[in-house]
Amino acid sequence: MTQKLQAVRGMNDVLPADAAAWQHLYAVAAEVFGAYGYGELRLPVVERTELFKRAVGEVTDVVEKEMYSFQDRGGENLSLRPELTAGVVRAGIEHGLLYNQQQRVWCTGPVFRYERPQAGRYRQFHQLDVEAFGIATPDIDVEVIAIAAALWRRLGVSGFTLQLNSLGTPEARTQYRAALVEYLSRYESSLDEDSRRRLGSNPLRVLDSKVPATREIVAGAPRLLDHLDAVSATHFEAVQRGLGDLGIDYTINQRLVRGLDYYTHTVFEWTTSQLGAQDAVCAGGRYDGLVEQLGGPATPGIGFGLGIERLITLIALQQAAVPGNASHVYFCRFGAQAEAAASNLAEQLRNQQPRLRLTLNAGGGGLKSQLKRADNSGARYALILGDDEAAQSVVQVKSLRGEGDPFLCSWAELPAQLVRLLGL
RNA sequence: GUGGGCGUAGCUCAGUUGGUUAGAGCUCCGGAUUGUGAUUCCGGAGGUCGUGGGUUCGAGUCCCAUCGUCCACCCCA
């Protein structure tokens, strides 16, 4: 069977028309993260499988059944990263960034999860990641959450709900876990199959279940927040106060437990009702034990991962402004002399005005069809250079968007004229 | 991994109870006095009807399989 050559299932191309939104998002994100003093970290897409097993957790779905794992030619067990935090921590430890110091970093790139694709869920997707290390106080929890809020503001997207919870210290969590298991065990026969399995492996995830019968049981379960030790409770209150001071609204969701094992204390999720079932756009939390768990010095950390595809979808849905990437001008040229002159002129213009986006007609065609191309390109102005104009060293400048009548402009004055017209 | 919807021109779709050369709109290309777009008029290009089997005198239309896609479960960003 000859199979048509096509992209791998769940892995999408981003076409030029859509890339404008991506570029805009990256530009704004880099600016916002930079404004908070976060530096970019660039990491490999492939890591040792062991890293994710130890960081994310051996019994999580992500590691158990969603990783792209393989052996390379040397027999190493490697995986495409299913998330970014583990790699960030690995790099931090490896390069000594986490020894007794603070680090604020961000990271972006593709991540991979072998899942059944659906709206907002792909096998290769992209995340923006923000992480802060070496700061145990709740002010950094607030800062990290505020960064996301700032990003929404700068992008002009809205309608999020910030859900907040605390998992407490590992000790508190262990204690709570025991209480929860004891409670749930009493109803074991009434639980759904998944939940019964998780009772042994990862009981907190049962809280998250959507099965009605299980939810009923969960409703009467001991509450995590009631089991917080004094330190955790104080920390959580401080986070809430800090968010309140910044005017960031939130709701406490006691069932928010997150699917990755490394979280402690604060966990949060920015969700929206506009994306269907995959409603989490940005999620994260504190992971005070992770660095040590991966062989580094005991170092507190907190961060979030943000789904770029989901955010891009929201931007489109809410029609938030995205600067266009169309050319400013389309240069029409015809006649042997004029074509050569136009080619030189175009180079000069681009050199003198690096911000100018100029498409030079190629492939010939009559003026009519060239102007058609100019119009379709989305350019604001057309430059027209035929042999008549060339003989006088001028070009015709013609608005394609009803911004005044065509006029002739000398080659010498053209750069200044374009700057004026385009507001470069 | 489970369940359901859908796969006909680049795009959005129509194709009557299976029946002669598979249609429309948009896009694209060309033309309407030889150098002026987006409007109008005329013309043109473009499809092995996802793929492979099967039923039939005959299948885009029915059956099976397969791939893809969409949505939900699950999981998460």
Side-chain angles (χ1 to χ4, degrees), chain A residues 1-12 15 17 56 60-67 81-85 108-130 148 192-195 197-198 202 205 208-212 256-260 268-272 275-284 303-314 330 332-335 338 361 363 365-390 396-402 405-406:
Chain A
M1 178 171 43
T2 50
Q3 231 190 359
K4 209 163 43 167
L5 221 42
Q6 56 192 352
V8 173
R9 185 170 165 78
M11 304 199 181
N12 303 121
L15 274 18
V56 176
T60 57
D61 282 14
V62 168
V63 167
E64 261 180 349
K65 47 192 189 191
E66 295 176 1
M67 283 215 291
R81 43 147 80 146
E83 57 110 52
L84 296 177
T85 303
T108 186
V111 295
F112 302 83
R113 257 118 98 158
Y114 189 87
E115 298 184 89
R116 188 90 168 259
Q118 71 181 71
R121 190 171 78 181
Y122 311 105
R123 289 184 171 180
Q124 174 177 331
F125 62 104
H126 298 76
Q127 289 193 339
L128 279 166
D129 215 51
V130 165
D192 62 282
E193 200 186 310
D194 276 338
S195 294
R197 186 171 52 80
R198 289 197 180 112
N202 200 347
R205 304 273 315 134
D208 222 8
S209 173
K210 287 180 189 163
V211 178
L256 181 66
V257 294
R258 316 286 309 126
L260 279 41
F268 59 91
E269 223 171 76
W270 292 89
T271 59
T272 171
L275 292 180
Q278 310 303 316
D279 62 354
V281 174
C282 172
F304 66 71
L306 177 160
I308 291 180
E309 282 83 353
R310 291 181 186 179
L311 187 52
I312 295 274
T313 306
L314 263 189
Y330 189 99
C332 305
R333 51 170 176 163
F334 50 93
N361 185 73
L367 178 55
K368 197 185 186 88
S369 67
Q370 291 195 36
L371 277 169
K372 213 171 234 180
R373 286 176 201 156
D375 190 29
N376 286 345
S377 77
R380 269 174 78 184
Y381 289 91
L383 297 180
I384 300 171
L385 181 55
D387 286 340
D388 291 355
E389 286 85 357
Q396 187 188 144
V397 179
K398 178 188 170 91
S399 167
L400 298 168
R401 313 292 155 203
D405 294 325

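Just so it is clear: chains get the letters A, B, ... in the order the sequence lines come, proteins before strands, and each one is counted from 1. Atom set for the values below is all heavy atoms of this structure, side chains included, hydrogens, waters and symmetry mates excluded.
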Base, sugar-phosphate or nothing for A:A283? Non-hydrogen atoms, less than 4.0 Å. sugar-phosphate
Does A:R9 make a side-chain donor-acceptor contact with the base of B:U69, cut-off 3.5 Å? no
From A:M11, A:R123, A:E83, residue fulfilling side chain to side chain contact (heavy atoms under 4.5 Å, CB included) relative to A:F112: A:M11
Base, sugar-phosphate, or nothing: which does A:E64 touch, judged by heavy atoms less than 4.0 Å apart? nothing
Does B:U69 have OP1 or OP2 sitting under 4.0 Å from an N or O in the side chain of A:N12? no
Counting Watson-Crick and G-U wobble pairs only, both distances under 3.5 Å, name the nucleotide matched with B:U69, or none. B:G5
Rounded to the nearest Å, what distance is computed from the CG atom of residue A:D61 to the C1' atom of nucleotide B:U2? 14 Å
Between the side chain of A:R333 and the main-chain N/O of A:N361, is any donor-acceptor distance below 3.5 Å? yes
Keeping A:E269 on the side-chain end and A:A283 on the backbone end, is there a donor-acceptor pair under 3.5 Å? no
Output the rounded distance in Å from CD (A:E115) to P (B:G1). 12 Å
Base-pairing assignment for B:C11 (Watson-Crick or G-U wobble, both under 3.5 Å): B:G25
Would you say that A:D375 contacts A:K372 through its side chain, given a criterion of any heavy-atom pair below 4.5 Å between the two side chains? no
Flag, side chain of A:R121 to backbone of A:R116, donor-acceptor distance under 3.5 Å: yes
When the P atoms of B:C29 and B:A45 are compared, how many Å lie between them, rounded to an integer? 16 Å
Using only modelled atom types and a 3.5 angstrom limit, is any donor from either the side chain of A:Q370 or the base of B:G35 paired with an acceptor on the other? no
Write down the partner of B:U40 under the Watson-Crick or G-U wobble criteria, each distance required to be under 3.5 Å. B:A32
Can you check the distance between B:C74 and B:U2, where both ends of the measurement are the P atom (answer in whole Å)? 16 Å
Answer yes or no: does a side-chain N or O of A:Q118 lie under 4.0 Å from OP1 or OP2 of B:A72? yes
Tell me which of A:G10 and A:R113 sits closer to the 5' end of RNA chain B, going by the nucleotide each one is nearest to. A:G10
Looking only at side-chain atoms of A:D375, point me to the closest of B:C71, B:A38, B:U36. B:A38
Expressed in whole Å, how much space separates the P atoms belonging to B:G7 and B:U51? 13 Å
Under the 3.5 angstrom rule, does the side chain of A:R310 hit a backbone N or O of A:A280 as a donor-acceptor pair? yes
Tell me the interatomic distance from A:E66, atom CD, to B:C73, atom C1', rounded to whole angstroms. 14 Å
Any side-chain heavy atom of A:V130 within less than 4.5 Å of one from A:L306? no
In whole angstroms, how far is the C1' atom of B:C26 from the CG atom of A:N376? 13 Å
What is the pairing partner of B:G18, taking Watson-Crick or G-U wobble pairs with both distances under 3.5 Å in any strand? none
Applying the 3.5 Å cut-off to both distances, the Watson-Crick or G-U partner of B:C62 turns out to be B:G54
How far does the C1' atom of B:G37 sit from the matching atom of B:A24, given to the nearest Å? 27 Å
Short N/O separations, protein against nucleotides 30-33 of chain B, under 3.5 angstrom:
none

Using side-chain heavy atoms (C-beta onward) and a distance below 4.5 Å, is A:V211 in contact with A:S195? no
Tell me: OH of A:Y330 to P of B:A38, nearest whole Å? 14 Å
Ignoring hydrogens and angles, are the base of B:U36 and the side chain of A:Q396 linked by a donor-acceptor pair under 3.5 Å? yes
Rounding to the closest angstrom, what is the interatomic distance between B:A72 and B:G10 at atom P? 29 Å
Provide the Watson-Crick or G-U wobble partner of B:A77, both distances under 3.5 Å; none if there is no partner. none
When you compare B:C49 with B:U8, how far apart are their C1' atoms, in angstrom units rounded to a whole number? 4 Å
Got A:V111 and A:F125 here, is their nearest side-chain heavy-atom distance under 4.5 Å? yes
Base, sugar-phosphate, or nothing: which does A:K398 touch, judged by heavy atoms less than 4.0 Å apart? base
Which part of the nucleic acid does A:D388 contact within heavy-atom distance under 4.0 Å: base, sugar-phosphate only, or nothing? base
Can you check the distance between B:C13 and B:A38, where both ends of the measurement are the C1' atom (answer in whole Å)? 26 Å
How long is the line joining CG of A:L371 and P of B:U39, in whole Å? 14 Å
Return the nearest nucleotide to the side chain of A:R116; candidates are B:G1, B:G35, B:G37. B:G1
Would you mind classifying the nucleic acid contact of A:D279 as base, sugar-phosphate or nothing, using non-hydrogen atoms under 4.0 angstrom? base
Measure the distance from CG on A:L383 to C1' on B:G35 and round it to the nearest whole Å. 16 Å
Within the structure shown, what part of the strands sits under 4.0 Å from A:F334 by heavy-atom distance: base, sugar-phosphate, or nothing? base
Taking atom P in both B:C41 and B:C26, what distance in whole Å separates the two? 9 Å
Can you tell me the distance, in whole Å, between the CG atom of A:L275 and the C1' atom of B:C70? 16 Å
Taking every heavy atom of A:R373 against every heavy atom of A:G363, the minimum-distance pair comes out as NH2-O, 4.3 Å
Side chain of A:Q278, heavy atoms from C-beta onward: which of B:A77, B:G35, B:C74 has the nearest atom to it? B:C74
List in numerical order all residues of residues 120-128 of chain A for which some heavy atom is under 4.0 Å away from an atom belonging to RNA chain B. A:G120, A:R121, A:Y122, A:F125, A:Q127
Could you tell me whether A:F334 atom CZ has more than 12 heavy atoms of other residues or ligands within 6.0 Å of it? yes
I'd like to check A:T108 versus A:H126 (side-chain heavy atoms, cut-off strictly below 4.5 Å). Are they in contact? no
Does A:E389 have any side chain to side chain donor-acceptor pair (under 3.5 Å) partners at least two apart in sequence or in another chain, and if so, which? none
